[in-house]
**Student:** 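Have a look at this one before I ask anything.
Numbers restart at 1 for each chain; the letters A, B, ... are given by sequence-line order, proteins then strands. Just so it is clear, the model here is predicted, and its values are computed rather than measured.
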Number of protein chains: 2
Amino acid sequence: MRAEPDHIRELFRRHDLRCTHQREIVYAELSATNSHPTAEELYQTLHVQDPNISLATVYNTLDAFLGVGLARRIPSSGACRYDAITEPHVHVTTPDGRVVDAPEDLSDRLLAGISPDIIRELEARMGVTVSGLTVQVVTNPATS
Amino acid sequence: MRAEPDHIRELFRRHDLRCTHQREIVYAELSATNSHPTAEELYQTLHVQDPNISLATVYNTLDAFLGVGLARRIPSSGACRYDAITEPHVHVTTPDGRVVDAPEDLSDRLLAGISPDIIRELEARMGVTVSGLTVQVVTNPATS
DNA sequence: TTTGATGCAAAGACTTTGCATGCTT
DNA sequence: AAGCATGCAAAGTCTTTGCATCAAA
């Protein structure tokens with residue numbers, strides 16, 4: 001469901017982000033979809049409601065979201081894809097370059113197999129802090 | 001260890017790839033490193049041994065490898081990274097954009113948690129063929 | 001008012017491509 | 001000899017940036 005404006009404003013305040021109209025509609029759209037849109041796709045969609053918004057602003061805005069952890073960037077072949085960060089979940093990369101979520105139950109079962117102990121050990125031994133974990137299931141590339 | 005020329009030629013033949021000098025040195029370099037180099041990085045390294053090789057050829061060559069499954073492309077922020085395909089393993093994305101392999105034992109333990117059953121079910125329900133599985137552990141972005 | 005965001009266009013980073021030449025088969 | 005690969009440069013994508021203007025705090 002689409003987040004309410006008030007909720008979004010509150011979110012922004014919590015993350016020290018200025019509440020601009022552009023940021024609001026970008027976040028509303030991003031959090032309402034599970035299609036992992038590219039910046040360009042978001043721009044096309046939003047351009048209808050706000051013919052003034054610019055592609056550069058979409059990029060800047062997404063960047064602001066990344067900075068405060070409200071969104072995640074998914075590098076992929078071609079343009080990067082974005083998703084609003086909610087629950088941990090599994091991404092499936094399709095042959096045509098889109099990224100879709102695995103069904104929730106499968107996602108959960110897959111993630112359940114990853115023990116926190118291993119992550120902790122990984123952090124300790126590699127000197128990193130794990131802030132996220134993406135299981136990316138890659139499907140067959142163009143076998144056409 | 002660096003693969004021997006004969007072995008590489010044999011590999012290429014098995015995959016219906018013409019054996020050119022450029023492809024040979026690209027593959028030798030890629031399979032000898034675990035640094036997941038970008039095309040540009042490979043080009044810089046190879047340019048020493050063969051001052052004639054061009055960046056476009058490195059790209060074309062990597063593309064040929066991808067096509068026959070000898071290499072994998074790892075989209076990442078900035079330039080794509082490549083690795084020669086050997087065993088399944090876990091990638092760790094560092095804050096500065098590099099991609100390093102997790103230690104083998106941790107990698108194995110992590111992958112062991114992912115049941116083939118789940119993958120099979122995922123294929124069945126999503127109508128895809130899973131050809132690879134990347135567990136990408138994302139570390140904290142620039143917390144500096 | 002002050003500070004930061006927007007929109008535009010231009011620049012930048014990364015990758016692909018057309019074509020003449022050369023090498024593998 | 002035939003056909004694909006190479007090297008070069010030019011063209012494409014995708015993303016970032018400089019700057020004047022505008023909106024949020």
Side-chain angles (χ1 to χ4, degrees), chain A residues 5-6 8-27 36-44 46-47 49-68 70-71 73-82 96-99 142, chain B residues 5-6 8-27 36-44 46-47 49-68 70-71 73-82 96-99 142:
Chain A
D6 284 354
I8 297 182
R9 311 279 267 266
E10 171 56 24
L11 252 187
F12 286 0
R13 267 185 224 103
R14 264 212 298 282
H15 290 278
D16 290 312
L17 284 186
R18 283 202 175 182
C19 307
T20 70
H21 176 239
Q22 290 86 339
R23 286 178 177 181
E24 207 172 310
I25 64 178
V26 171
Y27 188 82
H36 309 92
T38 62
E40 178 71 38
E41 285 166 358
L42 281 169
Y43 170 69
Q44 291 301 337
L46 298 175
H47 196 261
Q49 338 171 11
D50 178 354
N52 272 347
I53 197 171
S54 75
L55 179 55
T57 294
V58 174
Y59 273 109
N60 289 337
T61 296
L62 288 169
D63 215 49
F65 292 169
L66 296 181
V68 300
L70 280 179
R73 193 207 315 250
I74 309 162
S76 82
S77 19
C80 288
R81 300 187 160 274
Y82 296 85
D96 61 337
R98 286 172 308 112
V99 174
Chain B
D6 285 353
I8 297 182
R9 312 278 267 266
E10 171 56 23
L11 252 188
F12 286 1
R13 267 183 224 106
R14 264 211 299 282
H15 290 278
D16 290 312
L17 285 186
R18 284 203 172 179
C19 307
T20 71
H21 177 239
Q22 290 86 339
R23 287 178 176 180
E24 208 174 310
I25 64 178
V26 170
Y27 187 83
H36 309 91
T38 62
E40 177 70 37
E41 285 166 357
L42 281 169
Y43 170 68
Q44 291 300 338
L46 297 176
H47 195 262
Q49 339 171 10
D50 178 354
N52 272 346
I53 197 170
S54 75
L55 179 55
T57 294
V58 174
Y59 273 109
N60 289 336
T61 297
L62 289 169
D63 214 50
F65 293 168
L66 296 182
V68 300
L70 279 179
R73 192 206 316 250
I74 309 162
S76 82
S77 20
C80 288
R81 299 186 163 275
Y82 296 86
D96 62 337
R98 286 173 308 113
V99 174

**Student:** Establish, with yes or no, whether the OP1 or OP2 oxygen of D:dT6 is under 4.0 angstrom from a side-chain nitrogen or oxygen of B:T20.
**Tutor:** yes

**Student:** Are any protein N/O atoms closer than 3.5 Å to N/O atoms in nucleotides 1-3 of chain D? If there are, list each pair with its distance.
**Tutor:**
residue : atom : partner : partner atom : Å
D:dG3   : N2   : B:R18   : NH1          : 3.0

**Student:** Could you write out each protein N or O paired with an N or O of nucleotides 7-11 of chain C at a distance under 3.5 Å?
**Tutor:**
residue : atom : partner : partner atom : Å
C:dG7   : OP1  : A:Q22   : NE2          : 3.1
C:dG7   : OP1  : A:N52   : O            : 3.1
C:dG7   : OP2  : A:S54   : N            : 3.2
C:dG7   : OP2  : A:T57   : OG1          : 2.8
C:dG7   : O5'  : A:N52   : O            : 3.4

**Student:** Write down the distance between CZ (A:R23) and P (D:dA25), rounded to a whole number of angstrom.
**Tutor:**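 A:R23 atom CZ is separated from D:dA25 atom P by 10 Å.
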
**Student:** Five pairs per end, C1' atoms only: what is the angle between the end axes of the helix from C:dT1-D:dA25 to C:dT25-D:dA1, to 10 degrees?
**Tutor:** 50°

**Student:** Testing the basics here: between A:S77 and B:P75, what is the closest heavy-atom pair and its distance to 0.1 Å?
**Tutor:**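 Scanning both residues completely, I find the closest heavy atoms to be N-CG, 4.1 Å.
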
**Student:** By nearest heavy atom, map A:H21 and B:R13 onto DNA chain C; which one lands nearer the 5' end?
**Tutor:**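 The residue whose closest nucleotide sits nearer the 5' end is A:H21.
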
**Student:** With A:R9, which residues qualify under side chain to side chain contact (heavy atoms under 4.5 Å, CB included), at least two apart?
**Tutor:** A:R13, A:C19, A:E24

**Student:** With sequence neighbours excluded, tell me which residues meet side chain to side chain contact (heavy atoms under 4.5 Å, CB included) with A:P37.
**Tutor:** A:L30, A:T33, A:S35, A:E41, A:L42

**Student:** My understanding is that only residues two or more places apart in sequence, or in another chain, count here; which of them pass ring pair (Phe, Tyr, Trp, His ring centres under 6.0 Å) with A:Y59?
**Tutor:**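 A:Y59 satisfies ring pair (Phe, Tyr, Trp, His ring centres under 6.0 Å) with no residue once adjacent residues are dropped.
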
**Student:** Atom CG of B:L55 and atom P of C:dA13: how far apart are they, to the nearest Å?
**Tutor:** 14 Å

**Student:** If the cut-off is 4.0 Å, is A:Y59 near the phosphate of D:dT15, judged by side-chain N/O to OP1 or OP2?
**Tutor:** yes

**Student:** Scan B:L17, B:L62, B:L70 and name whichever one has a side-chain contact (heavy atoms from CB on, under 4.5 Å) with B:R23.
**Tutor:** B:L17

**Student:** Working to the nearest 0.5 angstrom, can you tell me the gap between B:L66 CG and B:T61 OG1?
**Tutor:** 10.5 Å

